[in-house]
Enquirer: 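Attaching a single structure in structure tokens format; questions to follow.
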Amino acid sequence: MILDQTFTNQEYSKTRLPRGEYENCVFEGCTFENGYLDNQNFMECEFIACNLSNANVAHTIFKEVHFSDCKMIGLKFEDCNDFLMDFTFQNCTLNFSSFYGLALKKQDFKACKLMEVDFTQANLAHANFEYSYLDNAIFSQTNLQNADFTKALNFSIDPEKNQLKNARFTKEGLPGLLKKYQLMVE
């Protein structure tokens with residue numbers, strides 16, 4: 001087990017992060033792009049300004065992990081071990097990533113870029129999308145009950161294909177709910 005360590009500006013794209021259980025560790029400015037993070041355990045860790053784009057995260061455990069200012073393009077979070085899965089994202093770029101079928105109640109996506117992210121069949125009840133850009137994000141059979149979209153931008157959600165009970169929106173967000181009807185909202 002690797003405890004209470006800080007990894008700064010390390011390159012793990014070609015050389016693999018040593019396999020292990022990382023607890024209360026900080027990764028700052030590290031590059032994992034196209035690398036292997038599979039079969040790792042991260043508990044109570046923080047990733048700051050890291051590039052994890054297209055990294056293999058198969059069977060990896062993320063428990064109480066905070067990502068801030070990270071580039072995380074194309075990650076397949078549904079390949080992770082979902083046991084105790086718990087993470088938050090702040091000011092991250094998650095474009096083209098997938099959360100297909102995951103249970104992510106109370107998930108925080110604050111000020112994130114979520115272009116073409118797949119949330120199909122995910123449970124995002126009570127999720128917070130504060131100041132996040134959701135251009136072409138896919139919501140299909142997604143539980144969005146009590147989710148907060150009041151400050152979300154550029155979303156398009158079909159109310160007939162998703163659970164939206166008590167989800168919060170602003171008047172300015174109405175076009176994102178009515179897009180399929182091709183209505184002109186002024």
Side-chain angles (χ1 to χ4, degrees), residues 13 30-38 47-60 62 65-82 85-164 167-170 172-183 185:
S13 291
C30 296
T31 301
F32 301 92
E33 186 174 19
N34 297 312
Y36 294 92
L37 283 174
D38 55 314
F47 288 81
I48 304 165
C50 292
N51 184 350
L52 295 95
S53 295
N54 297 310
N56 180 347
V57 291
H59 311 292
T60 295
F62 291 107
V65 175
H66 181 73
F67 296 96
S68 58
D69 303 304
C70 290
K71 185 177 178 184
M72 307 172 76
I73 296 172
L75 291 183
K76 293 186 179 356
F77 289 96
E78 69 266 19
D79 292 345
C80 294
N81 183 331
D82 62 357
M85 182 180 280
D86 178 27
F87 35 55
T88 60
F89 301 98
Q90 184 164 357
N91 200 37
C92 292
T93 300
L94 290 145
N95 299 342
F96 308 105
S97 292
S98 178
F99 294 90
Y100 181 90
L102 292 177
L104 300 171
K105 291 181 178 181
K106 299 182 181 179
Q107 180 64 52
D108 277 330
F109 295 100
K110 293 184 179 175
C112 291
K113 292 178 183 161
L114 299 161
M115 185 171 64
E116 296 193 37
V117 170
D118 188 358
F119 293 112
T120 300
Q121 295 182 15
N123 184 347
L124 292 164
H126 299 276
N128 183 1
F129 291 95
E130 183 177 319
Y131 298 111
S132 287
Y133 292 88
L134 293 152
D135 303 60
N136 298 313
I138 301 164
F139 295 98
S140 180
Q141 299 174 8
T142 307
N143 181 349
L144 297 168
Q145 294 181 68
N146 297 292
D148 189 348
F149 288 92
T150 56
K151 295 177 183 170
L153 303 162
N154 301 342
F155 58 85
S156 179
I157 300 170
D158 185 343
E160 295 175 18
K161 293 183 179 177
N162 297 282
Q163 299 171 43
L164 294 173
R168 296 178 40 204
F169 299 91
T170 62
E172 293 76 27
L174 285 178
L177 293 171
L178 301 171
K179 184 176 184 179
K180 81 176 230 174
Y181 301 109
Q182 299 177 355
L183 301 174
V185 179

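Position 1 is the first residue of the sequence; numbering continues from there.
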Enquirer: Atom CG in Leu114, atom CG in Asn95: separation rounded to 0.5 Å?
Expert: 7.5 Å

Enquirer: Between Val57 and Phe62, is there a side-chain heavy-atom distance shorter than 4.5 Å?
Expert: yes

Enquirer: List in chain and number order the residues that pass side-chain contact (heavy atoms from CB on, under 4.5 Å) with Glu172, two or more places apart in sequence or in another chain; answer none if no residue qualifies.
Expert: Thr170

Enquirer: Measure the spacing between CG of Leu144 and CG of Asn123 and express it to the nearest 0.5 Å.
Expert: 9.0 Å

Enquirer: Would a line drawn from the ring center of Phe129 to the ring center of Phe155 be shorter than 6.0 Å?
Expert: no

Enquirer: Does any part of the side chain of Asn143, heavy atoms only, come nearer than 4.5 Å to the side chain of Gln163, both counted from C-beta?
Expert: yes

Enquirer: Provide the closest heavy-atom pair for Ser97 versus Leu75 in the form atom of the first, atom of the second, distance.
Expert: OG-N, 3.0 Å

Enquirer: For residues 86-93, tabulate all N or O donor-acceptor pairs below 3.5 Å that involve a side-chain atom, not counting sequence neighbours.
Expert:
unit_1 : atom_1 : unit_2 : atom_2 : d
Thr88  : OG1    : His66  : ND1    : 2.4
Asn91  : ND2    : Asp69  : OD1    : 2.5

Enquirer: Can you list every pair that meets salt bridge (Lys or Arg N to Asp or Glu O under 4.0 Å) and has a residue in residues 139-156, with sequence neighbours left out?
Expert: Asp148-Arg168

Enquirer: Take the angle between the ring planes of Phe99 and Phe119 and call it parallel below 30°, perpendicular above 60°, tilted in between.
Expert: parallel

Enquirer: Working to the nearest 0.5 Å, report the span between CG of Asn34 and CG of Leu52.
Expert: 11.0 Å

Enquirer: Hey, can you tell me if Phe149 and Phe139 have their rings parallel, tilted or perpendicular (30° and 60° cut-offs)?
Expert: perpendicular

Enquirer: Under the rule for salt bridge (Lys or Arg N to Asp or Glu O under 4.0 Å), what residues qualify as partners of Lys161, not counting sequence neighbours?
Expert: none

Enquirer: Give me each pair satisfying salt bridge (Lys or Arg N to Asp or Glu O under 4.0 Å) with a member in residues 94-110, each pair once, sequence neighbours excluded.
Expert: none

Enquirer: What pairs of residues pass the side-chain hydrogen bond (donor to acceptor under 3.5 Å, both in side chains) test when at least one of them lies in residues 131-140, not counting sequence neighbours?
Expert: Asp135-Asn154

